[in-house]
Amino acid sequence: MSDDKMYISYNNIHKLCQQVAKQVLERDERPDVIIAITGGGMIPARIIRSFLKVPGQKNIPIQAIGLSLYEDMGLDNNVDKIGKEVIRTQWLDFGALDQHFDSLIGKKILIVDEVDDTRTTLHYAVTELEKEVEEQQKRLNRLDEKTMFSIFVLHNKDKKKRAELPAEMMESGRYLAATTVPDKWLCYPWEAQDIEEHTVLAKAQGND
Ligand code: 5GP
């Protein structure tokens, strides 16, 4: 078995979501809305929602945003200082949000992705979402309401990052990585061609 890859089972992912949900509830930070970064954030977002369910409360809505990373090909739009171009392939449905939840202003928002590798994607997501909310606040003259962003990832790779997240988020424990792992390629079950073999490999590595 190749040791430069880590195989992650569905069971393992389920348990990681359960652990983090427990922390979120203990901190009294149950989100009003979950924003899943597609595609890797979708399954963890759906699982953690179940563990964040509180009797008598509505299911937390999940919105999806799509971001893709490209090496800078010399295009000048969206290229950040780290030379990667982040492309938005899908964004928030403000119609639905405004209709059902007023807006994102003043809400607790949990951004979910599967892995924090170079941090480029998460940095982009948080920066753009914060900007979006600020613009809404200005437009609606609701500048005194505090919107709280948190992040949940299954895996944080222990490596030098190419972008930073807001210091306040990191310091206040609103960056929640279920586990920190070495800088190896992570094989997620939703990518597996043979899920039985994948699960055996994950179990052998203790990721079950
Ligand atoms: P970033 O470098 O922006 O933190 O991560 C960008 C994206 O690359 C992640 O959302 C994820 O889709 C993908 N990625 C990074 N490392 C891995 C990995 O080890 N395994 C898989 N399957 N995807 C990864």
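Each ligand, and each atom within it, is numbered from 1 in the order the structure gives.
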Chemist: Do the charged groups of Lys159 and Asp183 touch, with an N to O distance under 4.0 Å?
Modeler: yes
Chemist: Give me the pairs of N or O atoms, one from ligand 1 and one from the protein, that sit under 3.5 Å apart.
Modeler:
from: ligand 1; atom 1: 2 (O); to: Thr118; atom 2: N; distance (Å): 2.9
from: ligand 1; atom 1: 2 (O); to: Thr118; atom 2: OG1; distance (Å): 2.4
from: ligand 1; atom 1: 3 (O); to: Thr120; atom 2: N; distance (Å): 3.4
from: ligand 1; atom 1: 3 (O); to: Thr121; atom 2: N; distance (Å): 2.9
from: ligand 1; atom 1: 3 (O); to: Thr121; atom 2: OG1; distance (Å): 2.6
from: ligand 1; atom 1: 4 (O); to: Asp117; atom 2: N; distance (Å): 2.9
from: ligand 1; atom 1: 4 (O); to: Thr118; atom 2: N; distance (Å): 3.0
from: ligand 1; atom 1: 4 (O); to: Arg119; atom 2: N; distance (Å): 2.9
from: ligand 1; atom 1: 10 (O); to: Asp113; atom 2: OD2; distance (Å): 3.3
from: ligand 1; atom 1: 12 (O); to: Glu114; atom 2: OE2; distance (Å): 3.2
from: ligand 1; atom 1: 16 (N); to: Lys157; atom 2: NZ; distance (Å): 3.1
from: ligand 1; atom 1: 19 (O); to: Lys157; atom 2: NZ; distance (Å): 2.8
from: ligand 1; atom 1: 19 (O); to: Leu186; atom 2: N; distance (Å): 2.8
from: ligand 1; atom 1: 20 (N); to: Leu186; atom 2: O; distance (Å): 2.8
from: ligand 1; atom 1: 22 (N); to: Leu186; atom 2: O; distance (Å): 3.2
from: ligand 1; atom 1: 22 (N); to: Glu191; atom 2: OE1; distance (Å): 3.3
from: ligand 1; atom 1: 22 (N); to: Glu191; atom 2: OE2; distance (Å): 3.0

Chemist: Got a salt bridge between Glu135 and Arg139, using NZ or NE/NH1/NH2 to carboxylate O under 4.0 Å?
Modeler: no
Chemist: With no hydrogens and no angle check, do the side chains of Asp158 and Thr180 hold a donor and an acceptor under 3.5 Å apart?
Modeler: no
Chemist: Which of these, Arg162, Lys157, Lys161, sits in a salt bridge (Lys or Arg N to Asp or Glu O under 4.0 Å) with Asp116?
Modeler: Lys161
Chemist: So that I can tick it off, tell me whether Glu134 and Lys131 are bridged by a salt bridge, with the cut-off set at under 4.0 angstrom between side-chain N and carboxylate O.
Modeler: no
Chemist: Sequence neighbours left out, cut at 3.5 Å: what donor-acceptor pairs do the side chains of residues 40-51 make with other protein atoms?
Modeler:
from: Arg46; atom 1: NH1; to: Ser50; atom 2: OG; distance (Å): 2.9
from: Arg49; atom 1: NH1; to: Ile60; atom 2: O; distance (Å): 2.9

